[in-house]
Student: 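Just dropping this structure here.
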Amino acid sequence: AGVTTYTNTSATVNWRAPQDALRTDPVGLEVSGDVMIGGSLAIGGLNQSAVSYLTVGGDLILSNKANASFPPQLVVYAGPTNTTTTFRSGGARVTVAGGTRLASANSVIYPYCHQSTGASVVFNLQDFYLTTNSQINATGRGYSVVYSPGSTNYYGPGVIPTSTMTGGSYGGKGGTYWKAVAPVYGFMNAPYLPGSPGIYSTPSQGMGGGAIRVSARNVTLAGKLVADGRAIDWGYGAGYGAGSGGSVWVTCSNFTAVGSAAAVTAKGGSYNSNSIQSGDGGGGRIAIMTGAPTEAQSDSLYAPGNCD
């Protein structure tokens, strides 16, 4: 059987999962046939305790050409991870046996990383096509900052919590007025981590870019893969920093960019202020690998060192 979400409607699978701290069973949806999304489909919830999944036995299509006012959206939230092995598996997985097509110009997939552990959504696809102005958008969906009474917790290796006036780091160092800035981190050939937040960022500003991880047979990109850091805007305020860019990691047999609108970005967020005492986010990491690496080659990208 197949599943269709209609225009201007939404469906959320296990939306209460983040409130269930004891839940460890995966949350998700498995469909033996095709899935057509013309409205909004969300899998999981932000910072849930369990991993998420969407498994499609046929084609996955996002299309709503009849009404551009209601863009079709697929939102997938990752659960936590703490080890290299589970980083490889991701905190959520989207597996499609048939073709995956973002067929409408306004269709979007939003992959949310787990904000404290950095676990990402992994897409295992066959033929993947993004039409012009469609996108996977992970902007500001990476490591974040969590405020609680009496404490502020920054997550991500690209931020120094005790510093000020600095943007988050990742593939490049965050900007700074004169304070200490975090070093770069991650792997050039295996950018599976997301970007980090800037100093004094908020849940809506200054968060690190997320991680876009796609393994496919053929990728045709007329749209965009975007994992930028989120900007921060405090007018004349000083001491704040924007989020670093996230990551885009694509492995496939063939990658084809079509038209001038095709783009892959992992830019650091900007600090929009008239004060010079602030910092932009550092750039993220992008790796597009063609020739479909074998399982052993993929494993080697994660192999830890053995230095003292």
Student: Do the side chains of Arg285 and Met188 get nearer than 4.5 Å, heavy atoms only?
Tutor: yes
Student: If you apply the rule side chain to side chain contact (heavy atoms under 4.5 Å, CB included), what do you find for Leu221 with Thr256, and how did you get there?
Tutor: CA-CA 6 Å; Leu221 180 68; Thr256 304; over 6 Å; no
Student: Do you see a donor-acceptor pair shorter than 3.5 Å between the side chains of Tyr185 and Ser196?
Tutor: yes
Student: Going by ring-ring contact (aromatic ring centres under 6.0 Å, His included), name the residues that satisfy it together with Tyr112, two or more places apart in sequence or in a different chain.
Tutor: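 ring-ring contact (aromatic ring centres under 6.0 Å, His included) check on Tyr112 returns Tyr77.
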Student: Measuring from atom OG1 of Thr95 to atom CG of Leu54, what distance do you get when rounded to the nearest 0.5 angstrom?
Tutor: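 It is 8.0 Å, given to the nearest 0.5 Å.
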Student: Is there a side-chain contact between Val184 and Lys173 (heavy atoms, below 4.5 Å)?
Tutor: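 Touching, per the 4.5 Å side-chain cut-off.
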Student: How many angstroms lie between OG1 in Thr290 and CG in Asn254, if you round to the nearest 0.5 Å?
Tutor: 7.5 Å
Student: Quick check: closest heavy atoms across Met36 and Ser63, and the distance to 0.1 Å?
Tutor: SD-CB, 4.1 Å
Student: Under 3.5 Å, is there a donor-acceptor pair linking the side chains of Ser104 and Asn64?
Tutor: no
Student: If you compare all heavy atoms of Cys113 against all heavy atoms of Gly142, which two are closest, and at what distance to 0.1 Å?
Tutor: CB-CA, 4.1 Å
Student: Side-chain contact, heavy-atom cut-off 4.5 Å: Asp59 with Thr100?
Tutor: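 Answer no - side chains too far apart.
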Student: Which heavy atom in Ser244 sits nearest to a heavy atom in Gly168, and how many Å separate them?
Tutor: CB-O, 3.2 Å
Student: Can you check whether Val264 reaches Ile288 side chain to side chain, under 4.5 Å on heavy atoms?
Tutor: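 The answer is yes; the side chains approach within 4.5 Å.
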Student: Are Val76 and Val122 grouped together when hydrophobic residues (ILVMFWY) are joined by side-chain heavy atoms under 4.5 angstrom apart?
Tutor: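 The answer is no; the residues belong to distinct hydrophobic clusters.
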Student: Might you work through the side chain to side chain contact (heavy atoms under 4.5 Å, CB included) test for Leu60 and Leu74, ending with a clear yes or no?
Tutor: CA-CA 10 Å; Leu60 173 61; Leu74 171 61; 4.2 Å; yes
Student: In terms of side-chain heavy atoms, does Ser120 have a donor or acceptor partner in Arg213 at a distance below 3.5 Å?
Tutor: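 Yes.
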Student: Work out which heavy atom in Ala119 is nearest to a heavy atom in Pro80; give both atom names and the distance.
Tutor: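 The answer is CB-C, 4.0 Å.
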Student: Using 0.5 Å steps for rounding, measure from the CZ atom of Arg217 to the CG atom of Asp127.
Tutor: 4.0 Å
Student: Determine whether Arg93 and Thr55 make a side-chain contact, defined as any pair of heavy atoms from C-beta on separated by less than 4.5 Å.
Tutor: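 When only atoms from C-beta onward are counted, Thr55 and Arg93 do not touch, as no gap falls below 4.5 Å.
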Student: According to a 4.5 Å side-chain heavy-atom criterion applied to Ile, Leu, Val, Met, Phe, Trp and Tyr, with indirect links allowed, do Val226 and Ile232 form part of one hydrophobic cluster?
Tutor: no
Student: Could you tell me whether a side-chain N or O of Ser247 sits under 3.5 Å from a main-chain N or O of Leu193, the two making a donor and an acceptor?
Tutor: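 Side chain of Ser247 to backbone of Leu193, a donor-acceptor pair under 3.5 Å: yes, one is there.
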Student: Measure the CZ-CD1 distance between Arg141 and Ile136 for me, rounded to the nearest 0.5 Å.
Tutor: 12.0 Å
Student: Sub-3.5 Å donor-acceptor pair from the side chain of Arg230 to the main-chain atoms of Thr139, do we have one?
Tutor: yes
Student: Could you walk me through whether Asp280 and Ser270 pass the side-chain hydrogen bond (donor to acceptor under 3.5 Å, both in side chains) check?
Tutor: CA-CA 5 Å; Asp280 293 332; Ser270 60; 5.3 Å; no
Student: Any side-chain heavy atom of Ile61 sitting closer than 4.5 Å to one from Ile37?
Tutor: no
Student: Classify the ring geometry between Trp249 and Tyr192 as parallel (under 30°), tilted (30 to 60°) or perpendicular (over 60°).
Tutor: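 Plane angle between 30° and 60°, so tilted.
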Student: At what distance, to the nearest 0.5 angstrom, does CG of Asn106 lie from OG of Ser134?
Tutor: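 Going from CG on Asn106 over to OG on Ser134, the span is 9.0 Å.
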Student: State yes or no: do Val94 and Val51 share one hydrophobic cluster built from I, L, V, M, F, W and Y residues joined by side-chain heavy-atom distances below 4.5 Å, directly or via other members?
Tutor: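 Val94 and Val51: separate clusters.
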Student: Begin from the C-alpha positions of Ser169 and Val181 and carry the test side chain to side chain contact (heavy atoms under 4.5 Å, CB included) through to its verdict.
Tutor: CA-CA 8 Å; Ser169 298; Val181 64; 3.7 Å; yes
Student: Among Leu62, Leu130, Asn137, which residue satisfies the side chain to side chain contact (heavy atoms under 4.5 Å, CB included) criterion with Ile109?
Tutor: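 Considering Leu62, Leu130, Asn137, a side chain to side chain contact (heavy atoms under 4.5 Å, CB included) with Ile109 is found only for Leu62.
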Student: For Val248 and Pro191, which heavy atoms make the closest approach, and how far apart are they?
Tutor: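 Closest pair (atom of Val248, atom of Pro191, distance): O-CG, 4.0 Å.
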Student: Can you give me the closest heavy-atom contact between Gln135 and Leu102, atom names plus distance?
Tutor: O-CD2, 3.5 Å
Student: To the nearest 0.5 angstrom, please state how far the OG atom of Ser144 sits from the NE2 atom of His114.
Tutor: 11.5 Å
Student: What I'd like to find out is whether the side chain of Gln115 reaches to under 4.5 Å of the side chain of Tyr143, using heavy atoms alone.
Tutor: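 Answer no - side chains too far apart.
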Student: Side chains of Val214 and Leu125: does their closest heavy-atom pair fall under 4.5 Å?
Tutor: yes
Student: Under 4.5 Å between side-chain heavy atoms, counting indirect links through other Ile/Leu/Val/Met/Phe/Trp/Tyr residues: same cluster for Val96 and Leu41 or not?
Tutor: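 Yes, because Val96 and Leu41 connect within a single hydrophobic cluster, where side-chain heavy atoms sit under 4.5 Å apart.
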Student: Grouping I, L, V, M, F, W and Y whenever their side-chain heavy atoms are under 4.5 Å apart, do Val27 and Tyr53 come out in a common cluster?
Tutor: no
